[in-house]
Structure formats: structure tokens, C-alpha cells
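Contents: one structure, followed by commentary.
Start at 1 with the first residue, then count along the sequence. Counting starts at 1 for both ligands and their atoms, in listed order.
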Amino acid sequence: MATKQKMVIQGGRPLEGDVRVSGGKNASVALIPATLLSDAPCVIENLPDIEDVRALVDILRSLGAVVDYDPGVEMRVDPRPVNSFTVPYQKAQKLRASYYLMGALLGRCGHADVAYPGGCHIGLRPIDQHLKGFRALGCRVEDRAGMVNIEAGQLVGNVVNFDMATVGGTINVMLAAAKAEGQTMLINAAKEPHIVDLANFLNSMGATIRGAGTDIIRITGRPRLHGTVYQVIPDQIETGTLMIAAAATHGDVTVHDCIPTHMESLTAKLLEMGIMVTDGGDSIRVRSTGPHRSVKVTTQAYPGFPTDLQQPMCSLLTTTQGTSRVEETIFESRFRHVDELRRMGAKIDMFSDRVAMITGVPELYGAPVTVTDLRAGAALLVAGLMARGETEIYEPGYIDRGYEHIEEKLRSLGADIRRETCEE
Ligand code: EPU
């Protein structure tokens, strides 16, 4: 009989103590493909040891790159032996960020043949803006049978005016434009911290990218980029998930090695709810003793409230005083955690696919629940930690895609959480 895994949590214990945040997932999955643009080996430090990183190592090796990966220490990529520009379906569908191989391979080979990406099912997630950007740089793009075939004789810089601030589109076009002839201007660019991190990484390889973190990015293409040694930024969403878990369990947790300025929209909401948040420069302390007030949360592009924290935030809001309103403006179907939270006693009414009204209940109780996507997994972890009794979380593999050693980290804060194998 086939076996699968589940996480088992005995909830109701306040999280207390100190924890270190890992390197950023969404920064790492952009930096690793970016190494292909270099003419010499690159070393990246502080990468999280997560499934998405392992999947990218596999893709880079299949393209011919030599990758030495010592999880928790560093990754060294030598892109010089790359001899393929094809990323087939079986590899691309393992993660969303496989689409960054398009921009990176275009920059390296002038050609990319990459299957449509996988990733969490949280909405339609088209990539028309990426392709529009590549076309603006002079590429011929053919999109058929699940493969995107992109060819550029010579990439030539241009103005790319995005129809919406897209994280993936901004990163992908930035990758290709770093090697284009002349200047590229990205208008209505996304401003997330990992976009700034990628620009810093590319600049450390000799690229010239200005304005990352604002909505206009200027890239002067360079024919050659050199190797670098670079440390990826801390994970904004892991930091936020740990902050939310601390608050939700009425605990007292200090999250170390994070960047508090990346957390301002969450910090503001927690303060509004009556939770104490202290900025320690490169750490954040979250303490909660009393009851929590209800709030309104609307997801927005950075620096607004991140969509990636909407789901764990819903769990925190299940036991507030009064009714909270949560609106998801980025993705069409990012409320698949709601049915699972209801199993645990949460009172949540959906007013459309995009708006949840959460009326606080005195407490959640443990129940068997199933993860449907990465941040739904984070929501169920938080709910399991809050709940009275035992919560079984099925399909924990989604959580492993984005959170490094999460059980160990939570156990170090006093959580009773373990992983078990179980029969199908
Ligand atoms: N969009 C389009 N066309 C495009 C690109 C985007 O219509 O060509 C739409 C999307 O459908 C969505 C919105 O624009 O409605 C924003 O999408 P964006 O491109 O910004 O998101 P993404 O690149 O698909 C990245 C992260 C997500 C994170 C979002 C928003 C990676 C690998 N993924 O996705 O991370 O939620 O930005 O911040 O960086 C996660 O970590 O759990 C996760 C889903």
C-alpha cells in the first residue's frame, strides 16, 4: 500500500523564544536562473533548503551547468558548459519560477524553449506580460502545445510598459534585458524586495540596473557579466508567517536575521489588532497577551499587504473580537484554505471569490485538514498551532516547497509538531 505523509500538531501552546529566518524563496528562485547570464562561476549563500531550490538545481544541471550545492552553506553554479536551451514539461511544471529560465536562457543563448510553468493553483496566472516584454526586446515568440519557444537574433533594449505590476514579468524581462544591446526601461515595474535583490545580484555581476524598488527600472545591457559571491535576502513571507504564528498563539517570539522594513504592512495590521511588535533592527519581536481586534485586510503589490500572507492572516483572524474583512486583489482563487479552516470551527462567509468575512470564534479545534497550495499550508500550520486538540495536516509537501525546516523551527519555539507517514 502506498504511503504519504501528514503533519500532526497538538495545538494551544504559545510559541516562545528566538528563531532565525531563512533566505528568501522568491529571491532565490530568481537568482539561481540568473547565474546562467554569467561568463564565470557564481556563488550564492543563504539559499533556503526547499523543494523549489532543489527543482532548479535539477533544471540547471539538465541544461549542462555544473552545480555544487551544499544545502545551508552555498551553491556554486558554473554556467559555461550549458549546452541546451530546452526545459521540458516534466521539469518546468515542478515550480512556478521555471519561467525565469526563459529570460535567463535568452540572455545566455538568444534562444529559449521552456514549457509552461507549474506552481500553486491560486488563479489563472497568465504570462502574457513576460512574452510582451520579450517581444519588445526583439524576440520572436511562439506559444504552442504547452511550450514557449522564444528566439532573439540579438536582444535589443526597448521600453516595456507593463499592464499590471507583475513580479514574474518584471524579473523575467530584467534577466533578458541585462544582456540586451542598449537601454531597456521597465514602466509599471513590480517593487517587491526580491526584485531589488535580483537587481543587486545582477549589478554585482557587472550589470547596470537602476531604479529597482521603484516603478521605473532602467537597465543598460552588457554583453558580458562576470562571476560573483552573493548572499540572498531573508524571506519576507517566512518572517511574516512566524510573526503571525507568534501572535495567533498569544506567544512571544523574536524572529532574527530579517528585514523589518519589508514587514511594515503586516506590522501595521498586527499593531492595529492590539499585538505588540518591536523592531530590533535586524530582528522583530512579536508579543500578544490580550484579545485581538478585528481588522480589514486588502492584498496589494508591495509595499501593500502581501497576497502571500493573506492565507495565514485569515487563520489569525478566526479568533478576533468582531468581524474582519479580507479582500484578495492579486489572485482569483486564493481562498482554498477557507473550507479547511471551517472544519476547525472557523466562521467564514465568502461574499465573492475575492472577499471573506471572518467572524471571530472563541477558539479553533483540531481536525484533519488538507493543504491545497503553499500558503494554504502556512494557514493550516498557524490554525493547527492555535487550535485545541490535535490537527492532522495532509499533503504537507506543499509546505516543503517554501518553508525550510519549518517543523524544527516551530518545535524550537515550543510547538508540539511532528511528521508521520500514513497509508493512502
Ligand atoms: N499577471 C498577468 N499576466 C502576466 C503576469 C501576471 O495577468 O503576464 C497577473 C497574475 O495573474 C496575477 C497578477 O498579475 O493576477 C500578479 O502576478 P505576478 O506576476 O506578480 O505573480 P507571479 O510572478 O505569478 C510571484 C510569486 C508569488 C506571489 C506573487 C505576488 C514567485 C515565484 N512567485 O508570482 O509567490 O504571490 O508574485 O507577489 O516569485 C508564493 O510564494 O506562495 C507565491 C505564490
Side-chain angles (χ1 to χ4, degrees), residues 22-34 48 50-53 55-56 92 94-104 116-136 141 143 148 160-175 186 188-198 215 232-233 235-241 262 265-266 299-313 328-334 336-337 353-354 371-379 381 398-404:
S22 300
K25 168 179 97 75
N26 287 343
S28 301
V29 297
L31 266 57
I32 295 169
I50 53 173
E51 278 303 319
D52 275 15
V53 166
L56 279 172
K94 289 206 172 131
L95 77 165
R96 187 77 197 154
S98 55
Y99 53 27
Y100 295 145
L101 271 308
M102 295 178 190
Y116 260 87
C120 290
H121 299 292
I122 51 181
L124 295 173
R125 309 187 81 180
I127 58 166
D128 56 296
Q129 300 298 306
H130 306 222
L131 304 187
K132 168 177 155 173
F134 295 142
R135 286 194 180 98
V141 179
D143 176 2
V148 187
V160 179
N161 205 323
F162 289 114
D163 296 334
M164 77 281 293
T166 151
V167 170
T170 302
I171 288 178
N172 229 343
V173 181
M174 192 194 293
L175 287 169
L186 307 182
N188 196 21
K191 297 182 274 208
E192 271 64 7
H194 36 292
I195 287 169
V196 179
D197 205 37
L198 175 66
D215 47 21
V232 71
I233 50 165
D235 197 301
Q236 176 202 13
I237 305 304
E238 188 202 358
T239 304
T241 305
H262 290 170
S265 59
L266 173 64
T299 62
Q300 301 284 352
Y302 188 80
F305 193 94
T307 170
D308 294 343
L309 289 176
Q310 175 265 106
Q311 292 162 290
M313 189 69 178
E328 171 60 56
T329 69
I330 309 290
F331 291 110
E332 296 87 359
S333 55
R334 213 170 194 181
R336 295 171 75 199
H337 53 299
D353 290 347
R354 302 275 197 143
V371 181
T372 52
D373 56 79
L374 168 59
R375 308 300 173 188
L381 273 178
Y398 283 104
I399 300 172
D400 301 332
R401 289 185 34 200
Y403 290 90
E404 179 182 54

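Closest to atom 16 (C) of ligand 1, if we only count protein heavy atoms, is I330 CG2, 3.7 Å. In this structure, the protein non-hydrogen atom closest to atom 39 (O) of ligand 1 is N26 CG, 3.2 Å. Y99 OH, 3.4 Å is the protein heavy atom nearest to atom 22 (P) of ligand 1. Looking only at protein heavy atoms, the nearest one to atom 34 (O) of ligand 1 is R125 NH2, 3.3 Å. The protein non-hydrogen atom at the shortest distance from atom 3 (N) of ligand 1 is D128 OD1, 2.8 Å. If you check which protein heavy atom lies closest to atom 8 (O) of ligand 1, you get Q129 N, 2.7 Å. Here the protein heavy atom with the shortest distance to atom 30 (C) of ligand 1 is T307 CG2, 3.8 Å. Nearest to atom 19 (O) of ligand 1 among the protein's heavy atoms is T166 OG1, 2.7 Å.
Near I122, with a cut-off below 4.0 Å to any heavy atom, the atoms of ligand 1 are 44 (C). Per-residue contacts place I127 under 4.0 angstrom from the following atoms of ligand 1 (heavy atoms of the residue considered): 4 (C), 8 (O). Per-residue contacts place H130 under 4.0 angstrom from the following atoms of ligand 1 (heavy atoms of the residue considered): 8 (O). Listed by number with element, the atoms of ligand 1 under 4.0 Å from a non-hydrogen atom of G168 are 19 (O), 23 (O).
The distance criterion of under 3.5 Å between nitrogen or oxygen atoms is not met by H194 with respect to ligand 1. No N or O atom of A97 sits closer than 3.5 Å to an N or O atom of ligand 1. For D308, a nitrogen or oxygen atom sits less than 3.5 Å from a nitrogen or oxygen atom of ligand 1, counting backbone and side chain alike. The shortest N or O to N or O distance between G169 and ligand 1 is not below 3.5 Å.
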Q: May I have the step-by-step check of side chain to side chain contact (heavy atoms under 4.5 Å, CB included) for E328 and I122, ending in yes or no?
A: CA-CA 11 Å; E328 171 60 56; I122 51 181; over 6 Å; no
Q: Would you sort out whether R334 and D308 count as a side chain to side chain contact (heavy atoms under 4.5 Å, CB included), showing the intermediate values?
A: CA-CA 9 Å; R334 213 170 194 181; D308 294 343; 2.7 Å; yes
**Q.** Verdict with reasoning, L101 to L56, per side chain to side chain contact (heavy atoms under 4.5 Å, CB included)
**A.** CA-CA 9 Å; L101 271 308; L56 279 172; 3.9 Å; yes
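Neither the backbone nor the side chain of R401 has any atom closer than 4.0 Å to an atom of ligand 1 (non-hydrogen atoms only). Contact annotation: for L374 versus ligand 1, heavy atoms closer than 4.0 Å belong to the side chain alone. Within the 4.0 Å heavy-atom criterion, the part of R96 lying near ligand 1 is the side chain and not the backbone. Contacts between E332 and ligand 1, counted as non-hydrogen atom pairs separated by less than 4.0 Å, are absent for every part of the residue.
Nearest to atom 44 (C) of ligand 1 by heavy atom, out of K132, R334, R375, is R334. Nearest to atom 25 (C) of ligand 1 by heavy atom, out of D235, T170, V167, is V167. Within the set P126, G133, A190, the minimum heavy-atom distance to atom 5 (C) of ligand 1 is found for P126. The option from E192, M164, K25, E328 that lies nearest to atom 1 (N) of ligand 1, judged by heavy atoms, is M164. The nearest non-hydrogen atom to atom 21 (O) of ligand 1, considering only F331, Y100, Y398, comes from F331.
Salt-bridge annotation for R401 and D373: absent, with no side-chain N of the basic residue lying under 4.0 Å from a carboxylate O of the acidic one.
Under the 30°/60° scheme for interplanar angles, the aromatic rings of Y302 and H262 are found to stand perpendicular.
Shown are K25, E51, R375; of these, the side chain to side chain donor-acceptor pair (under 3.5 Å) with Y403 is made only by R375.
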